[in-house]
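Remarks on the structure that follows.
Numbers for residues simply follow the sequence, beginning at 1.
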Amino acid sequence: MNYNTIETSPLDWVGDVLAIGIFADCFEEDATLSDDVKALDEKLAGTIAELIDETKFKGATGSGVVTRVGGGSAIRKVALIGLGTEEDATLETWRGAAAKAAKTAIGAKGKTLALHLPAGDAAEMTQAIVEGVELGTFKDERFKSKSDDDDTSTPDLDRIDLFAPLGDAAAIAKARQIASGTIYARELVAAPANALDPVSFAESIEAMANEYGLELTILEQKECEERGMGAFLGVARASDLPPKFVHLVYKPEGEARKKLAIVGKGLTFDSGGLNLKPSGSGIDTMKIDMGGAGATFGAAKTIAQLKPDVEVHFISAITENMISGDAMRPGDILTASNGKTIEVNNTDAEGRLTLADALVYADALGVDAIVDLATLTGACVVALGNSIAGLWSDTDELADGLVAAGKMAGEKFWRMPMEESYFSAMKSSHADMKNTGSRAGGSITAALFLKKFVKDTPWAHLDIAAPVWSDKGGPYTPSGATGFAVRTLVNWVMS
């Protein structure tokens with residue numbers, strides 16, 4: 001798709017679909033449509049008023065209606081896109097509206113689309129609009145077969161026109177770069193475990209590193225053994241596929257104003273190990289257990305294009321959690337790379353074991369802050385539902401920065417307590433700690449476990465178990481992999 005900034009008035013636009021954003025406020029008592037929409041309606045011989053009347057359109061968020069324009073008009077079709085109330089409008093409003101407009105235009109078999117939306121901060125709104133279009137029209141059809149019966153009658157959008165002052169060129173470029181990283185994360189998370197395993201995952205990261213000139217180190221099993229990564233390797237040893245410890249680095253051309261690390265959980269499949277997940281527990285979706293790593297390397301792809309003056313280390317201990325004669329057993333004691341010993345009382349709490357060694361590795365880099373993110377606990381899903389991620393941190397400034405970055409991205413985080421007394425549930429008679437505590441407060445004890453593997457570096461943990469996958473989808477999110485947290489991480493790095 002090509003995006004254009006046009007100086008012409010919507011009255012003079014020529015193309016397939018003109019999409020007009022309308023606030024619900026216009027339909028309140030004593031309110032009316034804006035003057036420019038009235039002028040457009042007059043030129044289109046009352047088409048807009050007729051469409052509103054026939055469809056009972058009220059400008060509700062997420063609503064959209066479309067109709068053909070008669071009388072030889074230079075505009076083939078006009079669409080009305082609901083924006084909700086003006087008071088409640090945020091950047092999410094523009095993302096959702098742009099996605100709705102694009103999908104409406106595609107459904108109306110339009111190849112050209114113009115977006116006539118109320119303008120605020122031109123750059124911010126342009127970025128949000130382009131993100132909405134790019135992410136809202138993305139389809140992942142890599143694993144579908146093609147046949148002669150497939151419907152090819154619906155064309156793709158070729159051109160999207162934004163009326164000035166919208167259409168800032170830098171904002172368009174930034175939005176597309178952010179969308180490319182989010183889509184990369186979606187593709188990683190959506191790929192089945194027989195297509196994305198530890199080896200092919202590492203190969204995908206290597207290809208991305210080569211494309212964007214990033215530094216890449218991949219530690220093989222022997223090197224992980226030499227570093228004493230017993231927690232990570234304890235999880236990996238049941239798999240027939242070798243583990244891959246990936247360290248990707250972006251460095252700016254000049255002096256870096258800060259140095260950060262992002263650590264993502266990278267379980268390409270989680271069977272639960274000997275604590276096998278039963279049928280009906282969601283085991284069939286456990287390809288998504290590398291959602292933290294997917295977001296990590298999706299953010300890396302975007303950061304490599306945006307080129308901020310920040311050094312960023314992207315890290316993941318990638319493996320599968322499988323079952324074999326050499327599988328990690330309940331009761332086994334593992335030694336992490338910082339010397340701490342862990343009694344395994346549940347092999348299905350494996351993600352925190354891989355993260356333990358990854359956090360020790362990141363902490364040794366001397367970074368200014370570490371953020372880890374993981375599809376870690378069902379307890380967080382129970383606590384916060386399907387669309388909100390949990391956030392734990394020992395540093396207020398870091399936590400506040402992540403929440404703000406998420407708000408800008410339209411991604412929701414809720415800061416959870418670091419209740420130190422809960423760690424007593426993980427005390428072991430034979431090791432420094434167990435890998436799980438009681439059922440109560442399970443997401444909190446998971447965070448407390450991870451904290452034992454970071455010394456003094458400001459650190460935050462994001463439990464993204466729910467929002468990395470959506471059964472229903474959203475305004476610009478498909479059903480399936482969402483790419484959640486990529487845009488938050490990018491905003492945080494750029495701040």
Side-chain angles (χ1 to χ4, degrees), residues 134-135 138-144 176-221 223-224 232 235-236 239-250 261-270 285-306 312-322 351 354-355 358 361-362 372-375 464 468-469 478 480-487 489-490 493:
E134 295 286 320
L135 297 175
F138 166 74
K139 290 183 179 180
D140 186 359
E141 298 181 333
R142 293 169 296 162
F143 303 104
K144 290 186 176 182
R176 300 191 82 168
Q177 291 162 342
I178 289 172
S180 73
T182 305
I183 288 170
Y184 181 50
R186 286 181 182 177
E187 291 178 331
L188 290 171
V189 174
N194 63 333
L196 190 81
D197 58 40
V199 175
S200 59
F201 195 176
E203 289 171 348
S204 176
I205 296 166
E206 183 175 17
M208 189 255 289
N210 290 335
E211 180 178 358
Y212 293 104
L214 302 176
E215 297 179 13
L216 176 64
T217 300
I218 298 178
L219 302 181
E220 303 294 345
Q221 181 165 340
E223 295 165 291
C224 293
F232 169 42
V235 177
S239 175
D240 290 338
L241 297 168
K244 302 286 182 177
F245 190 98
V246 176
H247 178 197
L248 185 69
V249 186
Y250 163 79
I262 300 172
V263 179
K265 175 183 171 184
L267 270 293
T268 58
F269 187 77
D270 176 23
T285 65
M286 282 299 103
K287 65 181 183 179
I288 74 169
D289 214 19
M290 40 61 65
T296 296
F297 296 112
K301 182 173 182 177
T302 291
I303 292 297
Q305 296 173 76
L306 294 176
V312 192
H313 297 256
F314 306 91
I315 298 162
S316 185
I318 301 174
T319 187
E320 299 177 306
N321 185 26
M322 299 297 283
T354 66
L355 286 169
Y361 182 97
D372 80 69
L373 61 162
T375 50
I464 60 172
V468 297
W469 188 268
T482 64
F484 184 88
V486 170
R487 291 176 299 123
L489 293 172
V490 170
V493 168

Requested in this report: Could you tell me whether Asp240 atom CG has more than 12 heavy atoms of other residues or ligands within 6.0 Å of it?
Outcome: no
Query raised in the report: salt bridge (Lys or Arg N to Asp or Glu O under 4.0 Å) with Glu220: which residues, sequence neighbours excluded?
Result: Lys244
Requested in this report: Give the C-alpha distance, both sets of side-chain angles, the deciding distance and a yes or no for side-chain contact (heavy atoms from CB on, under 4.5 Å) between Val249 and Leu214.
Outcome: CA-CA 6 Å; Val249 186; Leu214 302 176; over 6 Å; no
Query raised in the report: Do Thr182 side-chain atoms and Gly483 backbone N/O form a donor-acceptor pair below 3.5 Å?
Result: no
Query - Between CG on residue Leu355 and CG on residue Asp372, distance to nearest 0.5 Å - result: 5.5 Å
Report task. With rounding to the nearest 0.5 Å, note down the distance linking CG in Asp140 to CD1 in Ile183. Result -> 10.0 Å
Report task. List in chain and number order the residues that pass ring-ring contact (aromatic ring centres under 6.0 Å, His included) with Tyr250, two or more places apart in sequence or in another chain; answer none if no residue qualifies. Result -> none
Query raised in the report: Considering residues at least two apart in sequence or located in another chain, which fulfil the side chain to side chain contact (heavy atoms under 4.5 Å, CB included) criterion with Ser204?
Result: Tyr184, Leu188
Query raised in the report: Tell me the salt bridge (charged side-chain N to carboxylate O under 4.0 Å, His left out) pairs involving residues 287-302, sequence neighbours left out?
Result: Lys265-Asp289
Query raised in the report: What are the two closest non-hydrogen atoms of Ser180 and Gln305, and how far apart are they?
Result: OG-NE2, 2.9 Å
Query - Considering all heavy atoms, the nearest Ala185-Gly294 contact - result: CB-O, 3.3 Å
For a quick test of your reading: what N or O donor-acceptor pairs under 3.5 Å do the side chains of residues 314-321 make, sequence neighbours left out?
residue : atom : partner : partner atom : Å
Ser316  : OG   : Gly264  : O            : 2.8
Glu320  : OE1  : Ser239  : OG           : 2.6
Asn321  : ND2  : Asp270  : OD1          : 2.8
Asn321  : ND2  : Thr347  : O            : 3.2

Report task. Compare all side-chain heavy atoms of Ile303 with those of Tyr212 and state whether any distance is below 4.5 angstrom. Result -> no
Query raised in the report: Could you give the distance from CD1 (Ile464) to CH2 (Trp469), rounded to the nearest 0.5 Å?
Result: 13.5 Å
Query raised in the report: Quick one: are Ile178 and Arg487 in side-chain contact, heavy atoms under 4.5 Å?
Result: yes
Report summary line: Closest non-hydrogen contact found for Val486 with Gly181 is CG1-C, 3.9 Å
Report summary line: Taken to the nearest 0.5 Å, the spacing of Met322 CE from Phe269 CZ works out to 6.5 Å
Report task. Using a 4.5 Å cut-off on heavy atoms from C-beta on, say whether the side chain of Tyr361 contacts that of Phe245. Result -> yes
Query raised in the report: If you take all heavy atoms of Leu241 and Pro198, which pair is closest and at what distance?
Result: CD1-CD, 4.0 Å
Requested in this report: Return the minimal non-hydrogen interatomic distance between Ala202 and Ile218, and the atom names on each side.
Outcome: CB-CD1, 4.1 Å
Query - Under 3.5 Å: donor-acceptor pair, side chain of Thr296, backbone of Ile262 - result: no
Query raised in the report: Could you state the interatomic distance from CE (Met208) to CZ (Phe297), rounded to the nearest 0.5 Å?
Result: 7.0 Å
Query raised in the report: Does any N or O in the side chain of Thr302 come within less than 3.5 Å of the main-chain N or O of Ala299, such that one atom is a donor and the other an acceptor?
Result: no
Query - salt bridge (charged side-chain N to carboxylate O under 4.0 Å, His left out) pairs, two or more places apart, involving residues 176-205 - result: Glu134-Arg176
Report summary line: Note: Ala209 and Leu216 closest approach over all heavy atoms is CB-CB, 4.2 Å
Report task. Find the distance between OG1 (Thr268) and CE (Met286) and round it off to the nearest 0.5 Å. Result -> 12.0 Å
